[in-house]
Amino acid sequence: MARCSRSAIVVDDDPLLQRLVCSLMERRGFDVRGAISVAQAREKLSEGDADVIVLDLALGDEDGVDVLEHLASLGSSAAILPVSGFDRRVLRSAVHLGRALGLNVLEPLRKPFTSAQLTEALDAIPVNLLPVAESELAQALTDDRLLLRYQPKIHLQTGRIVGAEALARWTDARRGPVSPDHFIAIAEEGELIHRLTRRVLDVALADCAAWRSAGHDVGVAVNISARSLSDPDLPAQLEDAVHQVGLPPNALTLEVTETVAMRDVDTTMKLLTRLRLRGFALSLDDFGTGYSSLVELHRMPFSELKIDQSFVTRLDKDPDAAIITSAMIALGHALGLEIIAEGVEDESVAQALREMGCDHAQGYLYDHALDATAFRQRLAAD
Ligand code: C2E
Ligand code: MG
Ligand code: MG
C-alpha cells in the first residue's frame, strides 16, 4: 500500500538547525521525522523509506557517508539533499559517492545557509515528489479531470473480450501523471473516497451500458476501496446506479483486494453478502498477497478470484509460482469461483494458464488500459 502523505527525514546533529528545517518541511506538507546521529537515522529508516532526506554530512564524530551507504543497502529511492559546512570539493565528492551508490542525490546546500537558500533548495526538488493535497484531488474531481481507462478482460480459451476493469487516472497540471496507488490512498484518508468511488461507478456504468446497447455482451469491474466497504449505504446506492442506466446487476463486478476483505471479516462479510444478494459479481483482487484462510475464503460470497500479478508474471520462469498458481486455480474452481489471472505479459504465460484451466486473463499481452474510445474500437474489432 502506498504511503498517504509525502514523508521526510532530517538528519542533523545541530538541534536548532534541525528544528528550522523540520518546520519548513512541515509547512510544505511533509510528514517529518528528525534524527541527530547515524544510529537514529538508521532507526528512523527502519520505520520505512522517505520521499526526501535532508542529510548533514558531518554528524559529530560520525559522517553522513555511513548514512548514504545504509540508504544504498536499503535500495532507498528518496531524494537526498546533502548539507554541510565543509568546502565545496568535499560536498561534491559526497554527491558523486552517493550517486555512484545508485542514490538520487540532489545538488548540495552549503552551511551556513539562510532560510531563503533552504527554501530555494527545497523548491528544486522535482515537483512530482511534492505532497498531493486532498483539496487538489477534490478540485480535479469537481473539474472532471479524473479519467477512467479500461483494461480488457479476456476469455483464455476463445481470446474474446468478456469485460473490462475500470482504472482511475489523474494527470495533474504541475506534477504530470499521479499514480492511482498514491491518489487513492490520499482520497482514503478522508471522505473524498466516497465521491471518487461514486464518480468512477457512474462513468463506468454509463460506458458499460453504451457497450451493451451497441451489441457487446460485456461487463465492467470497478475497484472498491476499504473505506467504501464500510459504507452501509453502498448496496442501495449501487442498486440505484445500475437501475438508472438500465444494466442488470451482474454486469457490474466489484473488485475488493484480499487484504481489505480480510481486515474486518464480520463487517465485510455482511456487506459483501448484501451485495451478492442484489446480484452484483464480487472479485477477490490481488489474491495470494494477503492471508485469507481457506475457511474464510469458503465463507465469503465471492464469485471470482483474481490471481495477483506477482505470481502470474513469472509463471513461465519460476516453478514455485507455477505450482502456487495451479493450486489457486484448482482451489477456486472447487469452491465454484471463476478465476482470472492479472499481469499476463507473455504468450507462454497465457498458454500455461490455459493448460491449468484458468478462465480469464488480463494484462499487457492483450492491452494496456485504454481510453473509452479505444476500448469501444477494440470491442468493435473483437
Ligand atoms: P489493481 O486493481 O490490482 O489493478 C491492476 C494494476 O496492474 C493496474 O495498475 C494495471 O494497470 C496494472 N497492470 C495491468 N496489466 C499489467 C501487466 O500485464 N503487467 C503489469 N506489470 N501490470 C499490469 P494501476 O492502474 O496503476 O492501478 C493500481 C491500483 O490502483 C489498482 O490495482 C487498484 O487497486 C487501484 N485503483 C485504480 N483505480 C481505482 C479506482 O477507481 N478506485 C479504487 N478504489 N482503486 C483504484
Ligand atoms: Mg483491480
Ligand atoms: Mg490486482
Side-chain angles (χ1 to χ4, degrees), residues 1-3 46 48-49 71-77 101-104 149-165 167 179-182 184-185 221 223 253 255-263 282-298 300 302-370:
M1 192 63 171
R3 265 168 286 128
S46 70
D49 198 11
L71 283 167
S73 74
L74 295 174
S76 169
S77 59
L101 288 168
L103 295 168
N104 176 16
R149 294 285 179 265
Y150 296 101
Q151 187 173 39
K153 290 186 171 185
I154 307 292
H155 189 277
L156 264 167
Q157 296 298 338
T158 63
R160 303 219 37 202
I161 299 176
V162 292
E165 175 176 9
L167 293 161
S179 118
D181 282 326
H182 185 50
I184 298 286
N223 293 285
T253 301
E255 294 194 6
V256 180
T257 61
E258 188 185 5
T259 32
V260 164
M262 302 305 162
R263 200 179 291 166
L282 293 179
S283 180
L284 186 56
D285 201 353
D286 301 347
F287 183 64
T289 57
Y291 299 96
S292 35
S293 73
L294 285 181
V295 178
E296 282 161 346
L297 190 61
H298 182 60
M300 291 271 193
F302 284 99
S303 46
E304 179 184 87
L305 275 192
K306 192 179 230 192
I307 302 176
D308 189 64
Q309 48 182 273
S310 57
F311 300 99
V312 177
T313 39
R314 54 196 174 89
L315 192 66
D316 54 341
K317 294 169 200 85
D318 178 350
D320 288 346
I323 291 168
I324 295 169
T325 305
S326 172
M328 289 196 272
I329 293 170
L331 169 69
H333 279 161
L335 293 174
L337 304 169
E338 296 220 303
I339 316 291
I340 180 162
E342 70 177 354
V344 178
E345 297 179 354
D346 305 295
E347 181 48 43
S348 54
V349 169
Q351 183 55 33
L353 286 166
R354 265 192 295 274
E355 284 163 13
M356 290 174 188
C358 185
D359 304 297
H360 302 131
Q362 193 181 330
Y364 299 160
L365 170 65
Y366 306 102
D367 278 299
H368 282 69
L370 308 169

With rounding to the nearest 0.5 Å, note down the distance linking [atom1] in [X] to [atom2] in [Y].
| X | Y | atom1 | atom2 | value |
| --- | --- | --- | --- | --- |
| Phe287 | Leu337 | CZ | CG | 9.0 Å |
| Cys358 | Leu156 | SG | CG | 5.5 Å |
| Ile307 | Met328 | CD1 | CE | 5.0 Å |
| Ile340 | Glu165 | CD1 | CD | 8.0 Å |
| Leu103 | Ser76 | CG | OG | 6.5 Å |
| Thr257 | Asn223 | OG1 | CG | 8.5 Å |

Please check if the number of heavy atoms outside Arg160 that lie under 6.0 Å from its CZ is greater than 12.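 No.
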Counting only heavy atoms not in His155 (residues, nucleotides, ligands), do more than 12 fall under 6.0 Å from its NE2?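 More than 12 within 6.0 Å, yes.
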Donor-acceptor check, side chain of [X] to backbone of [Y], threshold 3.5 angstrom: yes or no?
| X | Y | value |
| --- | --- | --- |
| Asp318 | Asp320 | yes |
| Glu258 | Thr289 | yes |
| Gln151 | Asp367 | yes |
| Ser303 | Leu282 | yes |

May I ask you to test the [X]-[Y] pair for a side-chain heavy-atom distance under 4.5 Å?
| X | Y | answer |
| --- | --- | --- |
| Val256 | Asp285 | no |
| Leu297 | Leu305 | yes |
| Leu353 | Leu315 | yes |
| Lys317 | Asp346 | yes |
| His333 | Ile339 | yes |

Show the nearest heavy-atom pair for residues [X] and [Y], with the distance to one decimal.
| X | Y | answer |
| --- | --- | --- |
| Leu167 | Ala369 | CD1-CB, 4.1 Å |
| Ser77 | Asn104 | O-ND2, 4.4 Å |
| Gln362 | Pro152 | CG-O, 3.5 Å |
| Phe311 | Ala321 | O-CB, 3.6 Å |

Derivation of the side chain to side chain donor-acceptor pair (under 3.5 Å) call for Asp308 and Ser310: CA-CA 5 Å; Asp308 189 64; Ser310 57; 2.6 Å; yes
Would you please test Asp316 and Gln351 for side-chain contact (heavy atoms from CB on, under 4.5 Å) and show each step? CA-CA 9 Å; Asp316 54 341; Gln351 183 55 33; over 6 Å; no
Where do Val349 and Leu365 land on the side-chain contact (heavy atoms from CB on, under 4.5 Å) test, with the steps shown first? CA-CA 10 Å; Val349 169; Leu365 170 65; over 6 Å; no
Would you say the side-chain atoms of Ser179 and Asp181 include a donor-acceptor pair closer than 3.5 Å?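 Checked: Ser179/Asp181 side chains show no N/O donor-acceptor pair below 3.5 Å.
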Taking Lys153 first and then Glu304, would you say they form a salt bridge - that is, a charged N and a carboxylate O separated by under 4.0 Å? yes
Before you tell me yes or no, could you show the steps for Leu284 and Met300 under side-chain contact (heavy atoms from CB on, under 4.5 Å), namely the whole-Å CA-CA distance, both residues' side-chain angles and the distance that decides it to 0.1 Å? CA-CA 10 Å; Leu284 186 56; Met300 291 271 193; over 6 Å; no
Step-by-step side-chain contact (heavy atoms from CB on, under 4.5 Å) determination, Glu342 to Val312: CA-CA 7 Å; Glu342 70 177 354; Val312 177; 5.6 Å; no
